[in-house]
Amino acid sequence: MSPLRTVKGPEHARILSVGGYRPARVVTNDEICERIDSTDEWIRERTGIISRRFAAPDESVVDMAVAAAGKAIAQAGIAAEQVGAVLLATVTHPLQTPSAAVDVAYRLGATNAGAFDISAACAGFCYGVTTANDMVRGGTAEYVVVIGVEKLSDFTDSYDRSSAFIFGDGAGAVVIGSSPEPGIAPTIWGSDGSQYDAITQRASWIDVRDHNVDFPHLTMQGQKVFRWAVWQMAPVAARALEAAGVAPEDLGAFIPHQANMRIIDAMIKTLKLPAHVPVARDIAETGNTSAASVPLAMERMLETGQAKSGDTALLIGFGAGLTYAAQVVVLP
Ligand SMILES: CC(C)(COP(=O)(O)OP(=O)(O)OC[C@H]1O[C@@H](n2cnc3c(N)ncnc32)[C@H](O)[C@@H]1OP(=O)(O)O)[C@@H](O)C(=O)NCCC(=O)NCCS
């Protein structure tokens, strides 16, 4: 017989709070068009983006993450020492190691927290939510901070006509802890490595070292990603609704990854989402902030009264990998 003891946590977990951080500098489409052959009109029509925020040169992924997570911890009414884990989803932390999460945990005063980064691009936050849910329910941590943060302005080629207009910077964070009732329904997730090159860094760091190639900016095959998102992601969202036992008409909010307004509209149609269900459209003034997009959109919907605490919301993240994850949650 095994001599080991194990732990078990509470039966249910939920998102207790959300906090966002938007950098001060607003970048208009006209400013983007100073470096690419495009127009404000084209960008608005093809993506729904009117403006995005760029972090200051000396403002890091860690700075933005600390600001968002600090807000979420304060709103949850807990002390940083009570946080058992910090999960940070990003693809734009500029150091291979150590992780951004470790620095964030230190700066938050989360002295009892395990900390690590999640590399799942735009699906990273939703990957973090399901991991945190299992950590709380499994007894690994009482409270888990999940952060999505990006400084995409550092990794986007501002002269690349096929991607320069889409990305923005920002951070969003939630605290996940125990709940008397189910607060996070089963996650439908996956990955498709056959499309590894659809959104990728142009070259590896080894190429930069050995072959003298330029800084490896992100590159994106827009049409390929667009088609995949439109055709493959609505069924994933539908499966998440089914797994939660929630009908589309009973949803309190739909908070999809803010990739492109046209992708959001196509998903609404395929899901047959009734018009009374509010949909996050934060992309208009935030751009695509990859891992940060879902928590930032969630915060904005709650702040503006579009959605209320206690409502059910369908979340879905999808992006480079390709990766995807969807779940229905109760809003904090
Ligand atoms: C990037 C994206 C907006 C491009 O839109 P699109 O409609 O697919 O654009 P296409 O590449 O098919 O090009 C269509 C036309 O616009 C032109 N065009 C491309 N980029 C342009 C730009 N920045 N400004 C103006 N015109 C542009 C093309 O030259 C082409 O012109 P043509 O018809 O005369 O040949 C779109 O593919 C997209 O949003 N994809 C998904 C991206 C995404 O979500 N990424 C994040 C995933 S997490």
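Just so it is clear, the values below take in all heavy atoms, side chains as well, and ignore hydrogens, waters and symmetry mates.
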Next on the checklist: For Asp197, is there an ion pair with Lys224 - N to carboxylate O distance below 4.0 angstrom?
Outcome noted: yes
Checklist entry - For the hydrophobic clusters of this structure (ILVMFWY residues joined by side-chain heavy atoms under 4.5 Å, transitively), does one cluster hold both Trp231 and Met261? => result yes
Checklist outcome for this item: Sorted by chain and residue number, the side chain to side chain donor-acceptor pair (under 3.5 Å) partners of Arg161 (sequence neighbours excluded) come out as none
Checklist entry - Can you list the other members of the hydrophobic cluster that holds Leu108, where links are side-chain heavy atoms under 4.5 angstrom apart? => result Leu16, Tyr21, Val61, Val62, Met64, Val66, Ile73, Ile78, Val83, Val86, Leu88, Val104, Tyr143, Val145, Ile147, Val149, Val175
Checklist outcome for this item: Here the gap from Thr39 atom OG1 to Phe165 atom CZ, rounded to the nearest 0.5 Å, amounts to 10.5 Å
Checklist entry - Is Val329 isolated, or which residues cluster with it under the ILVMFWY side-chain rule of less than 4.5 Å, directly or via members? => result Ile15, Val18, Leu87, Phe116, Ile118, Phe125, Tyr127, Val129, Met135, Val136, Val144, Val146, Val174, Ile176, Ile184, Trp189, Ile255, Val294, Met298, Met301, Leu302, Leu315, Leu331
Item to check | Hydrophobic cluster membership, Trp228 vs Val91, 4.5 Å side-chain cutoff | outcome: no
Checklist entry - Measuring from Trp42:CH2 to Ile36:CD1, what's the distance to the nearest 0.5 Å? => result 8.0 Å
Next on the checklist: Does atom CD (Glu41) have a neighbourhood of more than 12 heavy atoms from anything else shown, all under 6.0 Å?
Outcome noted: no
Next on the checklist: Using a 3.5 Å distance criterion without hydrogens, assess whether the side chain of Ser17 forms a donor-acceptor pair with backbone atoms of Ala72.
Outcome noted: yes
Item to check | Criterion side chain to side chain donor-acceptor pair (under 3.5 Å) against Thr187, the qualifying member of Asn133, Thr130, Thr131 | outcome: Thr130
Item to check | Where at least one partner belongs to residues 274-294, residue pairs that pass ring pair (Phe, Tyr, Trp, His ring centres under 6.0 Å), sequence neighbours excluded | outcome: none
Next on the checklist: Within this structure, what is the OG1-NE2 distance for the pair Thr156 and His217, rounded to the nearest 0.5 Å?
Outcome noted: 7.5 Å
Checklist entry - In terms of hydrophobic clustering (I, L, V, M, F, W, Y; side-chain heavy atoms under 4.5 Å; direct or indirect links), are Trp205 and Val213 co-clustered? => result yes
Checklist outcome for this item: Partner of Thr286 under side chain to side chain donor-acceptor pair (under 3.5 Å), picked from Arg52, Arg22, Gln258, is Arg22
Item to check | CG (Asp210) with more than 12 external heavy atoms under 6.0 Å | outcome: yes
Item to check | Residues that Asp134 engages under salt bridge (Lys or Arg N to Asp or Glu O under 4.0 Å), provided they are two or more places apart | outcome: none
Checklist entry - If only atom types and distance count, is the side chain of Thr323 paired as donor or acceptor with the main-chain N or O of Ala120 below 3.5 Å? => result yes
Checklist entry - Taking all atoms of both residues into account, what is the closest heavy-atom pair of Ala313 and Leu251, and its distance? => result C-CD2, 4.0 Å
Item to check | With sequence neighbours excluded, residues passing side chain to side chain contact (heavy atoms under 4.5 Å, CB included) with Ser194 | outcome: Asp192
Checklist entry - By side chain to side chain donor-acceptor pair (under 3.5 Å), which residues pair with Arg46, not counting sequence neighbours? => result none
Next on the checklist: Is there a side-chain hydrogen bond (donor to acceptor under 3.5 Å, both in side chains) between Gln306 and Thr304? Walk through the geometry before answering.
Outcome noted: CA-CA 6 Å; Gln306 278 178 287; Thr304 57; 3.3 Å; yes
Next on the checklist: Looking at every non-hydrogen atom in both residues, tell me the closest pair between Ala291 and Ala121 and how far apart they are.
Outcome noted: CB-O, 3.7 Å
Checklist entry - Is Glu59 salt-bridged to Arg53, going by a charged N under 4.0 Å from an acidic O? => result no
Checklist entry - Is there a side-chain contact between Cys126 and Gln327, using heavy atoms and a 4.5 Å cut-off? => result yes
Checklist entry - Shortest non-hydrogen contact from Asp169 to Ser153? => result OD2-OG, 2.6 Å
Checklist entry - Can you tell me how far the CZ atom of Phe155 sits from the OG atom of Ser290, to the nearest 0.5 Å? => result 12.0 Å
Checklist entry - Side chain of Lys272, backbone of Glu249: donor and acceptor closer than 3.5 Å? => result no
Next on the checklist: Please report the interatomic distance CD1(Ile43) to SG(Cys33), rounded to the nearest 0.5 Å.
Outcome noted: 4.0 Å
Item to check | Partners meeting side chain to side chain donor-acceptor pair (under 3.5 Å) with Arg281 (sequence neighbours left out) | outcome: Asp265
Next on the checklist: Show every side-chain hydrogen bond (donor to acceptor under 3.5 Å, both in side chains) that has at least one partner inside residues 97-121, sequence neighbours left out.
Outcome noted: Asp63-Arg107
Checklist outcome for this item: Nearest heavy-atom approach of Met267 to Phe254 is CE-CZ, 4.1 Å
Next on the checklist: Using side-chain heavy atoms (C-beta onward) and a distance below 4.5 Å, is Leu271 in contact with Pro248?
Outcome noted: no
Next on the checklist: Taking OH in Tyr196 as the centre, count heavy atoms belonging to other residues, nucleotides or ligands within less than 6.0 Å. Is the count above 12?
Outcome noted: no
Checklist entry - Which pairs pass side-chain hydrogen bond (donor to acceptor under 3.5 Å, both in side chains) with one or both residues in residues 68-88, sequence neighbours excluded? => result Lys71-Glu299
Item to check | Salt-bridge present (Glu31, Arg25; N to O < 4.0 Å) | outcome: yes
Next on the checklist: What verdict does the side-chain hydrogen bond (donor to acceptor under 3.5 Å, both in side chains) test give for Glu150 and Thr289, after you've listed the backbone C-alpha separation in whole Å, the side-chain angles of each residue and the deciding distance to 0.1 Å?
Outcome noted: CA-CA 6 Å; Glu150 302 290 359; Thr289 55; over 6 Å; no
Next on the checklist: Ignoring hydrogens, what is the shortest heavy-atom contact between Val330 and Pro182? Give both atom names and the distance.
Outcome noted: CG2-O, 3.9 Å
Checklist entry - For Gln223, what residues pass the side chain to side chain donor-acceptor pair (under 3.5 Å) criterion, not counting sequence neighbours? => result Arg227
Item to check | Gap separating the CG atom of Asn288 from the CD1 atom of Ile283, nearest 0.5 angstrom | outcome: 5.5 Å
Checklist entry - Would Phe54 end up clustered with Ile50 when hydrophobic side chains under 4.5 Å apart are linked, directly or stepwise? => result no
Checklist entry - Should Leu152 and Val26 be regarded as members of a common hydrophobic cluster, given that ILVMFWY residues are connected when their side-chain heavy atoms come within less than 4.5 Å of each other, either directly or indirectly? => result no
Checklist entry - Which heavy atom of Ala325 sits nearest a heavy atom of Ala123, and at what distance? => result N-CB, 4.2 Å
Item to check | Test item: Phe226 and Ile263 side chains (from C-beta on) under 4.5 Å apart, heavy atoms | outcome: yes
Next on the checklist: Test your reading of the model: is there a side-chain donor-acceptor pair from Arg202 to the backbone of Leu218, 3.5 Å cut-off?
Outcome noted: no
Checklist entry - Are Val7 and Thr140 close enough that some pair of their side-chain heavy atoms sits under 4.5 Å apart? => result no
Checklist entry - Which residue pairs pass the ring pair (Phe, Tyr, Trp, His ring centres under 6.0 Å) test when at least one of the two sits in residues 294-332, sequence neighbours left out? => result His257-Phe318
